[in-house]
Engineer: 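Can you keep this structure in mind? I'll have questions shortly.
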Amino acid sequence: MAASCVVLLALALTLLLLVAWKRWRWGRAARHVIVVVLGDVGRSPRMQYHALSLAKCGFSVTFLGFCTSKPHDELLQSDRIQIVSLTELQRLAVGPHILQYGVKVVFQAVHLLWKLMCRKPAAYIFLQNPPGLPAIAVCWFAGCLCGSKLVIDWHNYGYSIMGLVHGPGHPLVLLAKWYETLCGRLSHLNLCVTNAMREDLAENWGIKAVTVYDKPASFFKETPLDLQHQLFMKLSRTYSAFRACSEPSDSGMERSAFTERDAQSGTVTCLPGRPALLVSSTSWTEDEDFSILLAALEKFEQLIDDGESLPPLVCVITGKGPLKEYYSRLICQKHFQHIQVCTPWLEAEDYPLLLGSADLGVCLHRSSSGLDLPMKVVDMFGCCLPVCAVNFQCLHELVKHEENGLVFEDSEELAAQLQMLFSKFPDPAGKLNQFCKNLRESEQLRWDESWKRTVLPLITDT
């Protein structure tokens, strides 16, 4: 049995070396880049933006990842971008967890290496981390064989996310940290999402990185009222929170919970007394505690019952993730009279429209490392949507308290902020409108322009 394994391993290595030799003879394609994410392509916006920016600058791009969710249409329509699906191994139903994890890692390593070797050689391999186990080592090895330079885009630390589930002292977490520290130094170039992470990588990891802040793509912007109405009517077919409370008396009018359209003139107006639209988005993971929002909504409901001048709320929480069912059960246990909560998964093109139609965003992301920033807030700001965000170490790099939003520590503080922002809603002179005005006047830099200033010089000068 052992001899058979050795023979199979030798054959596999021989085949791999032959493929590598063939690729090496083709030479490194100077205008070809491979983008790798060991996750869902549709839920990896930053890597999608990297791919689009590379394509716009004349590179051909091969994007490797799981094809679970639909990515942005612009990515699908680009003739310079080819999406190659990776196979996602489902968790084994038998054996101890560490064995299941080990089998998954080995499968991912072999499968990813094979997919990389079967592609045209690239000048660069752009890799998202996390998840970096086993992708960092595999991409570095493939790069060595094919002459590609590895670029790691540090979104967070993988071991810190594992630590939320298993605890920081768990052997798997310690192994992941050792691996990440060791293999992270193998890259040719490192990008990261905050200055705090750049400093931490330099001081504690010996890695020199360049900060590339998340910036909103061009399609994140305020949504015109007619498109708001179209979106609300579309969502009302599935989610009751978007349906009008009563039918219009005029049959020529079309009504949602928020807007009304005159079919004859095409004019769209906001309904008087409409609910406020509060939006949050999440991956439903351990680093976001939605019980904070639910507790704040309960306090908000009580304030309405006590006679405060506050509007009814529609709270939309978008996203997919492991804890969605858990929080959905908690939401169902609430008996709100003035608040409706729905948890849709939106198409990629509808998500910016929803943000651009909302009145307030809420962010409950607490960084597992304390060093990354929530991209959802970047998207909200791109739509000139003010945000209430839970505080953590480097949030000040993005959210400016009392300027483009508010920062809170707990549900009590969030409830007080909701009361203040929605008092006498909609109030043209209120704090909410002032935050919107500040965001409009800030003339935020968009992703493409930021990328050309920060990333493009790094891959054209090397």
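FYI, side chains are in, hydrogens and waters are out, and symmetry mates aren't considered; it's all heavy atoms of this structure. Count residues from 1 along the sequence.
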Engineer: For the backbone of V390 and the side chain of E413, can you confirm whether one donor and one acceptor N or O come within less than 3.5 Å of each other?
Structural biologist: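 No, the answer is negative, given that no donor and acceptor are paired below the 3.5 Å cut-off.
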
Engineer: State yes or no: are the ring centers of W451 and Y213 separated by less than 6.0 Å?
Structural biologist: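 Centroid separation for W451 and Y213: 6.0 Å or greater.
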
Engineer: Ring centres under 6.0 Å, that's the criterion: do H72 and F219 meet it?
Structural biologist: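 Between F219 and H72, which both carry aromatic rings, the centre distance is below 6.0 Å.
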
Engineer: With a 6.0 Å cut-off on ring centres, are W284 and F290 close enough?
Structural biologist: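 Yes, close enough.
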
Engineer: Below 4.0 angstrom, N of the basic side chain to O of the carboxylate: do K215 and D448 qualify?
Structural biologist: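 D448 and K215: not salt-bridged.
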
Engineer: Check side chain to side chain donor-acceptor pair (under 3.5 Å) between S328 and all other residues, then give those that pass, not counting sequence neighbours.
Structural biologist: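 By the side chain to side chain donor-acceptor pair (under 3.5 Å) rule, S328 matches no residue at all.
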
Engineer: Could you check D200, T194, L191, L201 and say which one makes a side chain to side chain contact (heavy atoms under 4.5 Å, CB included) with W154?
Structural biologist: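 Answer to the side chain to side chain contact (heavy atoms under 4.5 Å, CB included) test with W154 among D200, T194, L191, L201: L201.
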
Engineer: Say you draw a straight line from NE2 of H155 to CE of M47; how long is it, rounded to the nearest 0.5 Å?
Structural biologist: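 That separation rounds to 5.5 Å.
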
Engineer: Under the criterion ring pair (Phe, Tyr, Trp, His ring centres under 6.0 Å), which of F63, W447, Y124 is the partner of H50?
Structural biologist: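 When ring pair (Phe, Tyr, Trp, His ring centres under 6.0 Å) is applied between H50 and each of F63, W447, Y124, only W447 qualifies.
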
Engineer: Taking the six-membered ring for Trp and the full ring for Phe, Tyr or His, determine whether the centres of F258 and H229 are under 6.0 Å apart.
Structural biologist: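 Not close enough - the centres of the two rings lie 6.0 Å or further apart.
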
Engineer: Do you know which two heavy atoms are closest between V399 and A389, and how far apart they sit?
Structural biologist: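 Nearest heavy atoms, V399 then A389: CG2-CB, 4.2 Å.
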
Engineer: Measuring only between side-chain heavy atoms, which start at C-beta, is V316 closer than 4.5 Å to F242?
Structural biologist: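 The answer is yes; the side chains approach within 4.5 Å.
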
Engineer: For S368 and S160, which heavy atoms make the closest approach, and how far apart are they?
Structural biologist: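 Taking S368 first and S160 second, the nearest heavy atoms are OG-OG, 2.8 Å.
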
Engineer: Nearest 0.5 Å, what's the OG1-CZ distance between T269 and R274?
Structural biologist: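 Rounded to the nearest 0.5 Å, the OG1-CZ separation comes out at 11.5 Å.
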
